[in-house]
Amino acid sequence: MQKRTMLELIGSVERIIFKNEQNGYSVIELMAETETVTVVGTMPNISVGENLKLIGNWKNHPTFGEQFSAEICEVSMPTSTVSILKYLSSGAIKGIGPSTATKLVETFAENTLEVMEKSPERLAQIPGISKSKALKIAEEFTKLFGIKDLMAYLGKYGITPEETVKIFKVYGINSKDLISSNPYILCDEPINIDFDKADKIAIESNTENDNICRIRAGIIFVLTHNMNNGHTCLPKDRLNEACTKFLEIDIEKVNSALTQLLNEGNLQSDIISEREFIFLNKMYMSETYIASRLNMIIKFTAQRIDSIEDKIISIEKEQNLLYADLQKEAIRKALQEGILILTGGPGTGKTTTLNAIIKILEAKGEKVFLAAPTGRAAKRMSELTKKESKTIHRMLEVAWDNEDKPIFKRNEKNLLKCDTLILDELSMIDVTLFEGVLKALPLGCRLIMVGDSNQLPSVGAGNVLDDLIKSEILPVVELKEIFRQASTSLIVTNAHKIVNGELPDLSIKDNDFFFLQTSQPENISETIKDLCKNRLPNAYGYSPLFDIQVIAPGRKGPLGTFNLNKILQDTLNPKSSQKTEIIVNGNVFRVGDKVMQIKNNYDIPFIKDDTSMGEGIFNGDIGILTGIDNSNSTVSVKFDDKLAHYDMETITDLELAYAVTVHKSQGSEFCAVVMPMYYGAPQLYYRNLLYTGVTRAKNLLIMVGTPWTIAKMVENNKKTRRYSGLCEFLRK
């Protein structure tokens, strides 16, 4: 982020307009020198009369006008008799009202707060205050200033006021003592502070490397880190080895601490293929729940539909088509067995098969829900089926708990009101999200899961589609035949060649798949520039922003998305005095840029074209930056029918999207895709990644680079290895 000049504001609290007791966010009026100003920010447990030193910046709110946005808040006790009286009269301390406050200040004057803190028994001198009440007042006073003291203590280690509020809510008045004795408690649920922050506190207190608390926290950190890389578990031997290197201690000490965690139920273990695996509790619960719930669905199936053959013949006549044998098998299984995995590559008729299933079910009066993991995937599903499709989050009615974590209103106690659920892009769904779906599924509800097992796995932990297929306990139909109308597409036929380990045909120049050979990175980037700006718009009428998408294997290097985005931004949306700019993390954003949301953020507000309002923009959503207000450090982005508003905190969720990685493109489809093919990081150049990129193209695909790179990717069939337990749990 561009370095901003931080301002200091000092004053006393005049009035508290709003206070969120859960997270400490407050809106106050502050008397700063001779004027009253409005301040917003995380300021937990502040009270009228307190003196504040605030670090932050001025912002102009569109409704409430100029405000000071505080990022750091230091509280000091009132010192004058007037400010002490105002403070105590405000009800800040339980047990003291205006009348008692007046008596205290009349008796102890400017020493009132010092007496309350250090000599509380003296309060009993005041008529109406007993010794027991005096001690209770002192206890409340200590509690109130405990969080302020804790904030000052933890702030120097990079722990934010919001995190401090959460810590104080969990550990209370003893927080500082508990953290001093074991900083690694901060790594535990529900606080989840980064291990390196806790380690920083421990290093200052001379904690040894082999401290048992450090080892335990380190083990959980390594498991969590690997969960964020897609693994739901790790083999015990690999976990021990990783922790030994990370913590720089003996393996015996790691193994001893791991045994403790397992015995206490803080972690789980299971034997998979005669090898012991270690799970975080939440991953173990998700995978075992999914396995048990799917086994229950198999035992208690949805109502069978009769006379299927007649219904298939009727649709064939009506639609003037003939279903292939595997398509008919898929229709039968979906209608008879109540659960089905439908998989297959492009052009194999998955959508045609689905449409037949939907038609038959709706004719029987069943309520059919369609859902996909991303907004773009849901929109594509709606276009193909002509039926409403929602994101899974929207279908499950995402909400937030007291920790501001997403939860689903649809669950075991509030089931979905449907007879059939069709889930698309199952390869993109992680175990946590799939667990949420199954929890909301009514018993006897038909479940049809659609996906392409040759695509990349989910961003989140797990390998759901692959595990379900490999378990061999669920009905699976893989469509393999490429239909005549699709077989004329070189995109389709080359995609199937790639997934079968064959080289795609790069020689044809009059179809929808083109290869432009060039061997130098600078020539490749120049060709991509020309394609996006001139050749494709001129030849096909494609919009560089809405129709053309550059997709690259990785982010780094001369042909990674980071560099390509800079080149394409300068080409397609060059700097101009007419276009406002803002710099975030060293990157320039300007009005008119194509941008992508890079993680789920449930708090970003938006207004739809129909004037309805909501919150939440999701990972992979692509939009156009329509406005920048540098005075307030805010931007507006149009995502399809939604106009979203970002501040300086949430704007870091955005990246330029002229070029995106294959991983980020998954679940989307673009009119024209341009792919640089030049060798880079070996871990990113493999068959499934190439296949996924190719299948993002709807009408036109152009590869630019060397045939050697394509050959190497086709040859490398080493899928990204993911450790998970779901397949084994399903079989058990």
Side-chain angles (χ1 to χ4, degrees), residues 159 163 166-172 174-203 205 207-229 231-272 274-292 401-403 405 431-432 435 461-462 723-726 728-729 732:
I159 296 174
E163 290 169 332
K166 189 184 288 187
I167 292 164
F168 194 81
K169 282 168 68 177
V170 174
Y171 297 114
N174 297 317
S175 295
K176 190 173 177 181
D177 291 339
L178 290 169
I179 293 166
S180 297
S181 62
N182 176 18
Y184 300 101
I185 60 171
L186 299 177
C187 301
D188 294 342
E189 293 278 358
I191 298 165
N192 298 318
I193 295 292
D194 288 342
F195 179 86
D196 60 342
K197 289 182 181 179
D199 219 26
K200 198 182 291 183
I201 299 172
I203 288 167
S205 58
T207 302
E208 297 292 334
N209 263 14
D210 61 356
N211 177 281
I212 185 62
C213 297
R214 181 174 186 268
I215 301 172
R216 287 165 62 105
I219 291 169
I220 292 172
F221 170 79
V222 170
L223 282 169
T224 303
H225 176 78
N226 279 276
M227 178 188 73
N228 293 332
N229 286 332
H231 305 285
T232 65
C233 55
L234 285 180
K236 183 180 178 181
D237 54 329
R238 289 203 60 175
L239 175 62
N240 280 341
E241 183 184 337
C243 291
T244 299
K245 289 179 181 176
F246 175 65
L247 297 170
E248 299 178 341
I249 56 170
D250 297 335
I251 195 165
E252 292 80 12
K253 291 178 179 177
V254 172
N255 200 42
S256 175
L258 177 57
T259 301
Q260 275 188 24
L261 288 164
L262 290 168
N263 289 340
E264 294 166 9
N266 293 309
L267 296 174
Q268 301 295 324
S269 75
D270 215 307
I271 304 299
I272 299 172
E274 301 181 352
R275 193 178 184 188
E276 187 175 4
F277 281 74
I278 309 299
F279 295 75
L280 292 167
N281 283 348
K282 58 186 174 183
M283 290 291 100
Y284 190 78
M285 289 170 66
S286 289
E287 293 201 313
T288 53
Y289 176 85
I290 290 169
S292 63
D401 63 13
N402 290 337
E403 303 294 334
K405 291 180 180 177
V431 292
T432 305
E435 177 192 18
Y723 292 114
S724 64
L726 181 56
E728 187 74 13
F729 298 151
K732 285 181 181 179

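Across all non-hydrogen atoms, the minimal contact from Glu208 to Arg214 is O-CD, 4.0 Å. Between Gly265 and Asn281 the shortest heavy-atom distance is O-ND2, 2.9 Å. Contact between Val222 and Ala242 at its shortest, heavy atoms only, is CG1-CB, 4.1 Å. Of all heavy-atom pairs spanning Asn209 and Leu247, the tightest one is ND2-O, 3.7 Å. The shortest non-hydrogen separation linking Ala257 to Ile219 is CB-CD1, 3.9 Å. The shortest heavy-atom contact between Ala291 and Leu726 is N-CD1, 4.1 Å.
Met283 is not listed as a side-chain neighbour of Cys233, based on a closest heavy-atom distance of 4.5 Å or more. Side chains of Arg238 and Arg275 form a contact here, defined as non-hydrogen atoms less than 4.5 Å apart. Side-chain contact between Ile159 and Ile201 is present, with heavy atoms from C-beta onward closer than 4.5 Å. For the pair Thr288/Asp270, no side-chain contact is recorded, criterion being any heavy-atom separation below 4.5 Å from C-beta on. A heavy-atom distance below 4.5 Å is not found between the side chains of Cys187 and Phe221. Counting only heavy atoms from C-beta outward, the side chains of Ile278 and Leu234 never approach each other to under 4.5 Å.
The structure places CG of Asp199 at 4.5 Å from CD1 of Ile203, a figure rounded to the nearest 0.5 Å. In this structure, Glu287 CD and Thr432 OG1 are separated by 9.0 Å, a value rounded to the nearest 0.5 Å. Atoms NZ and CE, from Lys282 and Met227 in turn, are 4.0 Å apart once rounded to the nearest 0.5 Å. Between Glu252 atom CD and Ser256 atom OG the span is 10.0 Å, to the nearest 0.5 Å. Ser724 OG to Ile290 CD1: the interatomic distance, rounded to the nearest 0.5 Å, is 10.0 Å. Separating the CG atom in Leu258 from the CD atom in Gln260 is a distance of 10.0 Å, to the nearest 0.5 Å.
Ring planes of Phe246 and Phe195: tilted class, angle from 30 to 60°.
Between the Thr244 side chain and the Asn240 main chain, a donor and an acceptor come within less than 3.5 Å of each other. Asn211 contributes a side-chain N or O that, together with a main-chain N or O of Cys213, makes up a donor-acceptor pair within less than 3.5 Å. Of the possible polar contacts, none joining the Glu728 side chain to the Ile272 backbone as a donor-acceptor pair under 3.5 Å is found.
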*Kindly indicate, with the supporting measurements, whether the criterion side chain to side chain contact (heavy atoms under 4.5 Å, CB included) is fulfilled by Ile212 and Arg216.*
CA-CA 6 Å; Ile212 185 62; Arg216 287 165 62 105; 4.0 Å; yes
**Asked** How far apart are the C-alpha atoms of Ile220 and Leu261, what are their side-chain angles, what is the distance that settles it, and do they pass the side chain to side chain contact (heavy atoms under 4.5 Å, CB included) test?
**Response** CA-CA 9 Å; Ile220 292 172; Leu261 288 164; 4.2 Å; yes
- request: Please test Asn255 against Lys236 for side chain to side chain contact (heavy atoms under 4.5 Å, CB included), starting from the C-alpha separation and ending with a verdict.
  value: CA-CA 9 Å; Asn255 200 42; Lys236 183 180 178 181; 3.2 Å; yes
One pair to check against side chain to side chain contact (heavy atoms under 4.5 Å, CB included): Ile179 and Tyr171. What are the steps and the verdict? CA-CA 9 Å; Ile179 293 166; Tyr171 297 114; 5.6 Å; no
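Remark: Lys197 NZ is packed, more than 12 non-hydrogen atoms of other residues, nucleotides or ligands lying under 6.0 Å away. The neighbour count for Lys732 NZ, taken as heavy atoms of other residues, nucleotides or ligands under 6.0 Å away, is above 12. A 6.0 Å sphere centred on CD of Glu264 holds more than 12 heavy atoms belonging to other residues, nucleotides or ligands.
Separation of the Tyr284 and Phe277 ring centroids does not fall under the 6.0 Å cut-off.
A side chain to side chain contact (heavy atoms under 4.5 Å, CB included) with His231 is found for one member of Leu280, Asn226, Leu223 and no other, namely Asn226.
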